[in-house]
Amino acid sequence: MYQVYPRSFADSNDDGFGDLPGLIDKLDYLNDGTERSLGIDAIWLSPIHPSPGFDVGYDVADYDAIDPIFGTLDDFGRLVAEAHRRGIRLMLDLVMNHTSSEHGWFEQSRRDPNGAYGDWYLWRDGRRGRFGRRIPPNNWSSFFGGSAWTWDEVRGQYYLHTFLPEQPDVNWRNPAVREAMLTMVRGWLERGVDGFRLDVFNAFFKDADLRSNPRRYRGRRPYDRQVHLYDKDQPELVDFLAEFRALVDSFPGSMTVGELFSSDPIGAVRLSAPRHLVFDWWLIKTPWKAPSFVRASQMREAMFRESGWPTVVLGNHDQSRLASRLAPRADATTSDEVARAAAVLSLSLRGTPFLYYGEEIGARDVAVTWEEIIDPPARRGGRLVRRLVPWWNRDQARSPMPWGRGGPNGGFTAGRPWLRMAPDVDTRNVAVQDDDSGSVLNAYRRLLWLRRRHPAMQVGTYRHVPTRTPDVYVYERATDDETIIVAVNFAAKERSFGIRTSRRWRTLFDTHAPDGAASREISAGGELTLQPRQAVILLGA
Ligand code: NOJ
């Protein structure tokens, strides 16, 4: 699964924003059916609907249309057809916990409490505090800082927003809302969409009585200093999911993935079902240390067990870029070595891998100056408040994709990119990496196509293979027909270790020998030596 952040992927009309025709032009890059292409199976498109952009598209003003900056419904139809022609599936991002405050539903809801849309959002009168001062109905905090309630002068009531005030939460207990959302979902399935990523789906339902959350005394941000008992993870979600998933399942071959919002990872297991995955976030929080990855995998395997199916996520549009997070302050060579070794993990651990655009060229975070910050929670409150309400600026992981086909801005646009390009676009781009057999891009390509040929990499059982060396992580994946061993050296030094085995192994993939991948043969009971940050995949004979 390949996540495209549409604003930053490919700009066809030089307005500085990526768009759907641009993405169509790059489909062959993603998968043209040959091993020259990346070889992904499906695209997850971050939101493409009209939006005032307060949360860069995660504030939807019209679920049924395409934002003109991205193109038209015809372009979308073309995208579906062209993707399908190449065997690529297409998933949309469904942001259904909230709409934009500019959505027609909200505009009508705030104007006419007794009208058809009066009860489509969570409106309350609030309470009276000392000296008759108006205070919000309960203590809930917005994830982006401040109270989760904003007073609306038009309606004369408070409304709830788990995120920005420009993102009012809809009232999922209202059957009319549920019906409207499901009709919209059906519409996209009928247009040929193959599935959805569900934004913060475990926040849809809130406590019916909107009780205040208990306090917690630890946590950096006010949001963390509450136990979120009542503002998410309510039992009613299960019923809705059954209805939603039945609709999706009525379109054969479809799937969904839910974004588990700030909750116990066990929720990911509880809420997942066949073809309906849930992100668990273990790996995206794991530092570049072998014991940490061993532990994270053990936890995931214990949680999901053999019959459950996890996702494998090392990066997305909300988190630091994989290479920057796993190799902070590293030079380009080290950064790329870590990126290639991480690619091995991403594409050979058990679960569906989600790649974030740019990850395949080892992209790093891009420093954005205070004046240029777009990410609203990062901007909110100014520099001073930012110290009290720390929020990492997500723009840093959203910089436009450098294609390197000449011209300015790494070939992304001849116009002014909506967000600053990475400083290394001339050396780190698709064209340059295309020509270099040892590049991060070519590692991803080889791994993705190997994954297709070797079912053990996809569906094999997982077993940790202990070694005496704490810097290496070794595991086995096996089907009835084949067994592979993955060995990753996390250290900056060479490491040698033995794998107890009675088989012979040959190298299927080697981060350090891209051209001669089959060069190494390890005989039964053999010692293995790995160079710094080297990762290999071995196939049992
Ligand atoms: C989760 C999305 O991934 C994030 O980008 C967004 O800000 C929030 N949901 C609110 O929609």
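Values in this document were obtained by computation on a predicted structure and should not be read as measured data. What's counted below: heavy atoms across the whole structure, side chains too, no hydrogens, waters or symmetry copies. Both ligands and their constituent atoms are indexed starting at 1 by order of listing.
- Side chain of Tyr63 to main chain of Val95: a donor-acceptor pair is present (N/O by atom type, distance under 3.5 Å, no hydrogens or angles).
- Within the 4.0 Å heavy-atom criterion, the part of Arg197 lying near ligand 1 is the side chain and not the backbone.
- Taking every heavy atom of His98 and a limit of under 4.0 angstrom, the matching atoms of ligand 1 come to 10 (C), 11 (O).
- For atom 2 (C) of ligand 1, the nearest non-hydrogen atom of the protein is Asp199 OD1, 3.1 Å.
- Close approach to Asp318 involves these atoms of ligand 1, each under 4.0 Å from a residue heavy atom: 1 (C), 2 (C), 3 (O), 4 (C), 5 (O).
- Near Arg394, meaning under 4.0 Å from one of its heavy atoms, ligand 1 places the atoms 4 (C), 5 (O), 6 (C), 7 (O).
- The environment of CZ in Arg416 is sparse: at most 12 heavy-atom neighbours from other residues, nucleotides or ligands sit within 6.0 Å.
- Proximity of a side-chain donor or acceptor of Asp264 to a complementary backbone N or O of Gly267 within less than 3.5 Å is not detected.
- A tilted orientation is assigned to the rings of Tyr223 and Phe261, their planes being inclined by 30° to 60°.
- Between Phe9 and Trp403, the distance from one ring center to the other falls under 6.0 angstrom.
- Set against the non-hydrogen atoms of Phe163, the atoms of ligand 1 under 4.0 Å away are 8 (C), 10 (C).
- For the residue pair Asp125 / Gln157, a side-chain donor-acceptor distance below 3.5 Å is found, with atom types taken as modelled.
- Contact annotation: Phe144 has at least one heavy atom less than 4.0 Å from an atom of ligand 1.
- Taking a cut-off of under 4.0 Å to the non-hydrogen atoms of Asp55, the atoms of ligand 1 that pass are 6 (C), 7 (O), 8 (C), 10 (C), 11 (O).
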